[in-house]
2 protein chains.
Amino acid sequence: MDEILDILGQRRKLAFIPFALFDRDAYGAKAQQRFEREGLVVRTVTADDAGLETLDWAEAAFVGGGNTFRLLKTLRDAYLHKKLRQRVSQGMVYMGASAGANIASPTIRTTNDMPIVEPDSLDAIALVPFQINPHYVEPRGHTTHMGETRDQRLAEYLEENSTAVVGIREGGWIRVVGQRATIGGTQAARIFRRDSGPEDRTPGADLSDLLVVGNLP
Amino acid sequence: MDEILDILGQRRKLAFIPFALFDRDAYGAKAQQRFEREGLVVRTVTADDAGLETLDWAEAAFVGGGNTFRLLKTLRDAYLHKKLRQRVSQGMVYMGASAGANIASPTIRTTNDMPIVEPDSLDAIALVPFQINPHYVEPRGHTTHMGETRDQRLAEYLEENSTAVVGIREGGWIRVVGQRATIGGTQAARIFRRDSGPEDRTPGADLSDLLVVGNLP
């Protein structure tokens with residue numbers, strides 16, 4: 001919350017986007033209550049024309065976590081993904097947790113979530129040119145489970161795609177201001193690229209090189 | 001392998017489908033070698049017209065595991081999903097492991113895999129009317145990881161869909177012959193439905209009620 005308030009600065013008008021969870025009303029009410037405690041003026045975005053207007057009103061948007069497919073489908077069906085992109089280009093602050101961070105990537109191809117619904121496209125808002133993998137965890141040791149580890153899944157992603165992926169561990173975040181990106185929080189972020197091994201960057205480290213698309217291997 | 005040979009009976013002509021892995025040639029060669037050791041005649045399916053002909057030749061198909069999105073996209077792009085469905089209706093045996101089992105469901109909406117590529121639809125081969133969740137594992141105990149557990153993901157699926165899901169644990173399988181489905185292997189399967197708690201069925205138990213679509217809650 002300290003980081004959120006620091007990012008917001010003097011801005012007070014916050015739009016909360018609850019579509020990643022099934023019960024939007026409950027999620028919106030909970031977030032609204034929490035953010036209002038900090039003196040913010042909060043409106044929950046709805047998946048209709050009124051929602052587009054709420055984003056026009058807002059100085060900042062916060063997108064909550066849950067299922068990334070459900071979130072993206074709801075945004076795309078109501079054209080809210082385009083409105084979000086437009087508003088950010090006009091200076092609106094964008095903040096997202098988990099699924100909400102994931103959709104700031106070009107696509108949701110690095111989500112951990114189950115594809116419980118089918119968006120018309122996996123293309124997301126593309127506020128940054130790299131992919132985010134939220135809740136990144138290293139593979140555990142020996143197990144009898146035959147399912148893929150996270151690293152195997154990300155390696156599969158890089159077999160099919162050349163865009164770099166940033167794995168964000170619990171307690172970590174990325175803050176982007178203009179052409180500058182920085183790792184924040186308590187945990188290192190891990191960068192996965194097609195032709196080199198993973199690279200950890202600790203909190204405070206610069207990530208701006210990943211904002212330059214041409215620099216992506 | 002004992003179960004596979006039992007299912008095959010007198011059939012010897014097996015088509016292996018390697019599309020869930022990136023290196024199809026290596027996967028095909030490995031599977032071919034293993035199955036030929038059992039006296040089978042094996043051809044690896046290619047993603048083209050020759051692949052359609054291989055399925056016409058085959059008395060049985062085995063679909064290997066890997067990434068379910070990659071598998072489904074490759075099948076759909078080459079119309080092999082329709083050919084598989086047609087050949088099964090003509091009596092061809094279908095066998096699948098992991099992703100290969102998953103696509104026997106109506107959709108791949110209950111896959112655990114990362115959506116590294118984008119099929120034109122998540123609709124799969126629909127050889128059975130229920131969803132399969134392969135590599136099912138119960139939630140672990142206390143953890144600091146904030147990502148969803150498998151049970152939470154399946155609950156999210158049931159928030160959006162009414163089709164029942166069968167979670168298959170490591171070492172378990174489902175065998176379907178005509179209107180009869182049976183749990184096999186060493187582990188119980190767990191059935192998830194929208195309006196009731198999960199139900200375990202042990203190896204040997206009948207699952208035929210799930211083949212009757214009208215019976216699905």
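Naming: A, B, ... by sequence-line order, numbering from 1 per chain. All values reported here derive from a predicted model rather than from experimental measurement.
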Chemist: Can a donor-acceptor pair be found, under 3.5 Å and without considering hydrogens, that links the side chain of A:R85 to the backbone of A:A126?
Modeler: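 Pair found, side chain donor or acceptor close to backbone of A:A126.
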Chemist: Does the A:R175 side chain pair with the main chain of A:T182, one donor and one acceptor, at a distance under 3.5 Å?
Modeler: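 No: the side chain of A:R175 does not pair with the backbone of A:T182.
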Chemist: Checking heavy atoms, do the side chain of A:E160, its backbone, both or neither come under 4.5 Å from chain B?
Modeler: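 The answer is the side chain of A:E160.
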Chemist: Closer than 4.0 angstrom, basic N to acidic O: yes or no for B:R193 and B:D209?
Modeler: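 Answer for the salt bridge query: yes.
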Chemist: Using side chain to side chain contact (heavy atoms under 4.5 Å, CB included) as the criterion, point out the one residue from A:T54, A:I103, A:L80, A:L84 that pairs with A:I17.
Modeler: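 Among A:T54, A:I103, A:L80, A:L84, the one that satisfies the side chain to side chain contact (heavy atoms under 4.5 Å, CB included) with A:I17 is A:L84.
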Chemist: So, applying side chain to side chain contact (heavy atoms under 4.5 Å, CB included) with A:F130, which one of A:L211, A:V165, A:T110 is it?
Modeler: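 Output: one option passes, namely A:L211.
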Chemist: Could you look at A:S121 and say if it's the side chain, the backbone, both or neither that has a heavy atom under 4.5 Å from chain B?
Modeler: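 Answer is both: backbone and side chain atoms of A:S121 are under 4.5 Å from chain B.
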Chemist: If we ignore hydrogens and angles and just use 3.5 Å, is the side chain of A:R87 paired with the main-chain N or O of A:L55 as donor and acceptor?
Modeler: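 Pair found, side chain donor or acceptor close to backbone of A:L55.
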Chemist: I need the minimum non-hydrogen distance between A:L210 and A:P129, along with the two atoms involved.
Modeler: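 In terms of heavy atoms, the two residues are closest at O-CG, 3.3 Å.
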Chemist: Is the shortest side-chain heavy-atom distance between B:R150 and B:N112 below 4.5 Å?
Modeler: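 In short, these two side chains touch, coming nearer than 4.5 Å.
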Chemist: Please confirm whether the backbone N or O of A:D77 pairs with a side-chain atom of A:D120, one donor and one acceptor, at under 3.5 Å?
Modeler: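 Answer holds: no.
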Chemist: Most heavy-atom pairs under 4.5 angstrom with chain A, which of B:T111, B:N133, B:L158, B:L154?
Modeler: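 That would be B:T111.
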Chemist: What part of A:N67 lies closer than 4.5 angstrom to a heavy atom of chain B: side chain, backbone, both or neither?
Modeler: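 Both backbone and side chain of A:N67 come within 4.5 Å of chain B.
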Chemist: Counting only heavy atoms closer than 4.5 Å, note whether B:R70 contacts chain A via side chain, backbone, both or neither.
Modeler: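 It is the side chain, since no backbone atom gets that close.
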Chemist: Can you tell me which of A:G65, A:G66, A:S98 forms the most heavy-atom pairs within a distance under 4.5 Å of chain B?
Modeler: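 Most pairs with chain B among the choices: A:G66.
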Chemist: If the contact rule is any heavy atom under 4.5 Å from chain B, which residues of residues 27-38 of chain A qualify, in numerical order?
Modeler: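 Heavy-atom contacts from residues 27-38 of chain A to chain B are absent.
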